[in-house]
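See structure below.
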There are 2 protein chains.
Amino acid sequence: MMDSSVAVSCSNCSVRRLCLPAGLSQADIDRLEQVTRRKKLVKAGETLYRAGDPFSNLYAIRSGSFKTVVIAADGDTQVTHFALPGELLGLDAYSDRVHPSYAEALEDSSVCLLPFTQLEILAHQVQALQQQIYTIFSEELRQENDILMLLGKRSADTRLAALLINISSRYSRRGYSHSKFILSMPRTDIANYLGLTAETVSRLFSRLQREKLIKVSGRAVEIVDLVGLSELAGTHCSYEESH
Amino acid sequence: MMDSSVAVSCSNCSVRRLCLPAGLSQADIDRLEQVTRRKKLVKAGETLYRAGDPFSNLYAIRSGSFKTVVIAADGDTQVTHFALPGELLGLDAYSDRVHPSYAEALEDSSVCLLPFTQLEILAHQVQALQQQIYTIFSEELRQENDILMLLGKRSADTRLAALLINISSRYSRRGYSHSKFILSMPRTDIANYLGLTAETVSRLFSRLQREKLIKVSGRAVEIVDLVGLSELAGTHCSYEESH
DNA sequence: CGTCGATTTGAACATAATCAAGGTTGGTGG
DNA sequence: CCACCAACCTTGATTATGTTCAAATCGACG
């Protein structure tokens, strides 16, 4: 890990308000920084961790994006998450001390390493951090609920619409445009995530464009009719979850 | 809450080894009991909490079973969980301080009330409890991954097979037969959970019986060919997660 | 400019949804 | 004890939706 000497500081991190430091006092952030000194660069297509790897760190995404994938006994795979900057990876490994999924960078990315044992000790001393960890766990659970909702809905167009709304709101939360963004993942990953085939996803992009809800050009997406898309998705465009 | 005076003790609870006390010393359990004194009875069809209710307690199921359901903006519902004895309900409410789903008893049930604020304070003092809470959060996340896997798989028979295997292993963990059990939920709930219709689920039960993988009579299920069913489910029957 | 992977599009097919009856089961009251 | 009712479950016929297989096109990159 030749890049581990790179100095990292939460204080001047561009995604700190979305990450663990959110809501912490400057003094607490100073203490947090003592366990988050190391970062790691992961190139597009490389894995951050593999299924079965021992659990030692959580990873906070500084830049780039990842997909997490679980592998069934029969070798079948399922994309379970698309993770964006400020989001945490690896929480689901705690109980087994082993990562149940693998995380692969969708583009060149940078992550902070959070040694969990040290984080645990610090959380014991800093009440606000403890609560922040609970919050992140809980938010993760709630987000999974949303995905379940999405996959439970039968129609394919509803699923894609919901994913676009979801990604849009997450980009907007990062401070980027909520109407124009570049999807970092290929159609096959979107399809796998939504429980569809790549062909169907491609057709849906075409259809949504024909219906003047979005504009697509490869992985570049522009949401033209947010209200219409939200109605299709069934999740009346929720941008209020930002704060 | 007229039943709140009923004395409850973790020490002699039949599901303690599946619940929060798992792995705690007797001394720690004694302390835990001080915050878990109250229990509540919920009749079949009644709700334990509703979506939007303020978060104040976690609920540990002592007996019976529940479904948790999220309601989309368009009124559409999605069953997200079937919860059995020893399992905890309400964890996903932490971040918003509000329950994002409702929990309804599938049969007459009994739960322990765990006031989260008190639990949090105690966890701060008892390291083992703190870790147990992390573990439960993390297990919950991992379980959600399994469900995603399940919904992502295209074929309906695979989904039902996977659910049966999952429920079977959970019953076995409780000490009950893993080959014979009574499903406490109606077909419509199974269908909603699996992203199918009740008719399809009914046909699938018939088909799995015709193929000699199971025997069904209403809600009573017997798994005849566990290996065959596991192969269909794709999750090579995992009973090793018990300990 | 050529190559390879990713994407789009088309046509035939499969799977599960929908619509529509029947058939069970358990609880209630005569 | 039996009749009745209301949920719940099963089964069949038809239809809709998404998959599969196949081929053409696009686009990044050497």
Side-chain angles (χ1 to χ4, degrees), chain A residues 43-45 67 76-79 104-108 150-164 182-211 214-221 232 234, chain B residues 43-46 65 67 76-79 82 104-108 150-164 182-211 214-222 232 234:
Chain A
K43 291 217 175 67
K67 65 173 172 179
D76 201 18
T77 64
Q78 174 68 38
V79 175
E104 180 185 319
L106 293 166
E107 56 195 311
D108 291 355
L150 202 158
L151 287 178
K153 303 213 172 211
R154 53 255 147 268
S155 79
D157 50 2
T158 293
R159 295 188 202 185
L160 182 58
L163 176 62
L164 291 175
I182 309 284
L183 296 169
S184 56
M185 68 296 284
R187 298 282 191 267
T188 49
D189 284 345
I190 295 177
N192 184 305
Y193 179 76
L194 296 177
L196 303 169
T197 62
E199 292 94 326
T200 299
V201 169
S202 176
R203 276 184 255 271
L204 288 171
F205 272 116
S206 303
R207 175 135 59 95
L208 293 183
Q209 178 160 243
R210 217 176 308 129
E211 290 167 354
I214 61 174
K215 276 186 193 162
V216 198
S217 172
R219 296 190 184 179
V221 174
L232 179 55
Chain B
K43 288 216 177 69
E46 288 181 354
S65 55
K67 65 173 172 181
D76 202 17
T77 63
Q78 173 69 38
V79 174
F82 295 119
E104 180 184 318
L106 292 166
E107 56 196 312
D108 291 354
L150 202 158
L151 287 178
K153 303 215 171 208
R154 54 259 147 267
S155 77
D157 50 2
T158 294
R159 297 188 200 184
L160 182 58
L163 176 62
L164 291 175
I182 309 286
L183 296 168
S184 56
M185 69 295 282
R187 298 284 191 266
T188 49
D189 285 343
I190 295 177
N192 183 305
Y193 178 77
L194 296 177
L196 302 169
T197 61
E199 292 95 325
T200 299
V201 169
S202 178
R203 274 185 254 273
L204 288 171
F205 271 116
S206 302
R207 175 135 60 96
L208 294 183
Q209 178 160 244
R210 218 176 307 128
E211 290 166 355
I214 62 173
K215 276 186 193 164
V216 198
S217 173
R219 296 190 183 179
V221 174
E222 179 181 353
L232 179 56

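When atom types are taken as modelled, the side chain of A/Arg159 and the backbone of A/Leu194 share a donor-acceptor pair closer than 3.5 angstrom. In this structure, the side chain of B/Gln209 engages the main chain of B/Val216 through a donor-acceptor pair within 3.5 Å. The main-chain N or O of B/Asn192 is found under 3.5 Å from a side-chain atom of B/Gln78 such that the two form a donor-acceptor pair. Here the side chain of A/Thr197 pairs a donor or acceptor atom with the backbone of A/Thr200 at under 3.5 angstrom.
Within the 4.5 Å cutoff, side-chain heavy atoms of B/Phe82 are placed close to those of B/Asp189.
First and last contacting nucleotides of DNA chain D toward chain B (any atom under 4.0 angstrom from a heavy atom, 5' to 3' order): D/dC8 to D/dA13.
Taking side-chain N and O atoms only, A/Ser206 has a distance below 4.0 Å to OP1 or OP2 of C/dT9.
When the C1' atom of C/dA16 is taken as reference, atom CZ of B/Arg207 falls 10 Å away, rounded to whole Å. When the C1' atom of C/dT8 is taken as reference, atom CZ of A/Arg187 falls 9 Å away, rounded to whole Å. Rounded to whole Å, the distance from CG on B/Leu160 to P on C/dA16 is 11 Å. Between the CZ atom of A/Phe205 and the P atom of C/dT9 there is a distance of 12 Å, given to the nearest Å. Whole-Å rounding puts the B/Asn192 CG to C/dA17 P distance at 12 Å. For the pair A/Leu183 CG and C/dT7 P, the interatomic distance rounds to 10 Å; values are reported in whole Å. Rounded to an integer number of Å, the gap from B/Ile182 CD1 to C/dG26 P is 11 Å. Residue A/Leu196 contributes atom CG, which lies 14 Å from atom C1' of C/dA16 at whole-angstrom precision.
The only member of B/Leu183, B/Leu204, B/Val79 that meets side-chain contact (heavy atoms from CB on, under 4.5 Å) when paired with B/Ile190 is B/Leu183.
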Short N/O separations, protein against nucleotides 18-20 of chain C, under 3.5 angstrom:
{"residue": "C/dT18", "atom": "O4", "partner": "B/Arg203", "partner atom": "NH2", "Å": "2.8"}
{"residue": "C/dC19", "atom": "N4", "partner": "B/Glu199", "partner atom": "OE2", "Å": "3.2"}

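Between B/Val201 and B/Leu160, the closest heavy-atom pair is O-CD2, 4.3 Å.
Within the helix from C/dC1-D/dG30 to C/dG30-D/dC1, the inter-axis angle between the opening and closing five-pair segments is 40°, rounded to 10°.
Heavy atoms of B/Arg219 sit under 4.0 angstrom from primed sugar atoms or phosphate atoms, though from no base atom. Residue-level contact check: B/Gly195 touches the backbone only, with heavy atoms under 4.0 Å from sugar-phosphate atoms and none from bases.
Between B/Asp157 atom CG and B/Leu232 atom CG the span is 5.0 Å, to the nearest 0.5 Å.
Using a cutoff of 4.0 Å between basic side-chain nitrogens and carboxylate oxygens, B/Lys43 and B/Asp108 are not scored as salt-bridged.
With B/Phe205 as the aromatic partner, B/Arg187 meets the cation-pi criteria of under 6.0 angstrom to the ring centre and within 45 degrees of the ring axis.
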- Message: Applying side chain to side chain contact (heavy atoms under 4.5 Å, CB included) to B/Glu222 and B/Ile214, what does each step give before you reach the verdict?
- Response: CA-CA 6 Å; B/Glu222 179 181 353; B/Ile214 62 173; over 6 Å; no
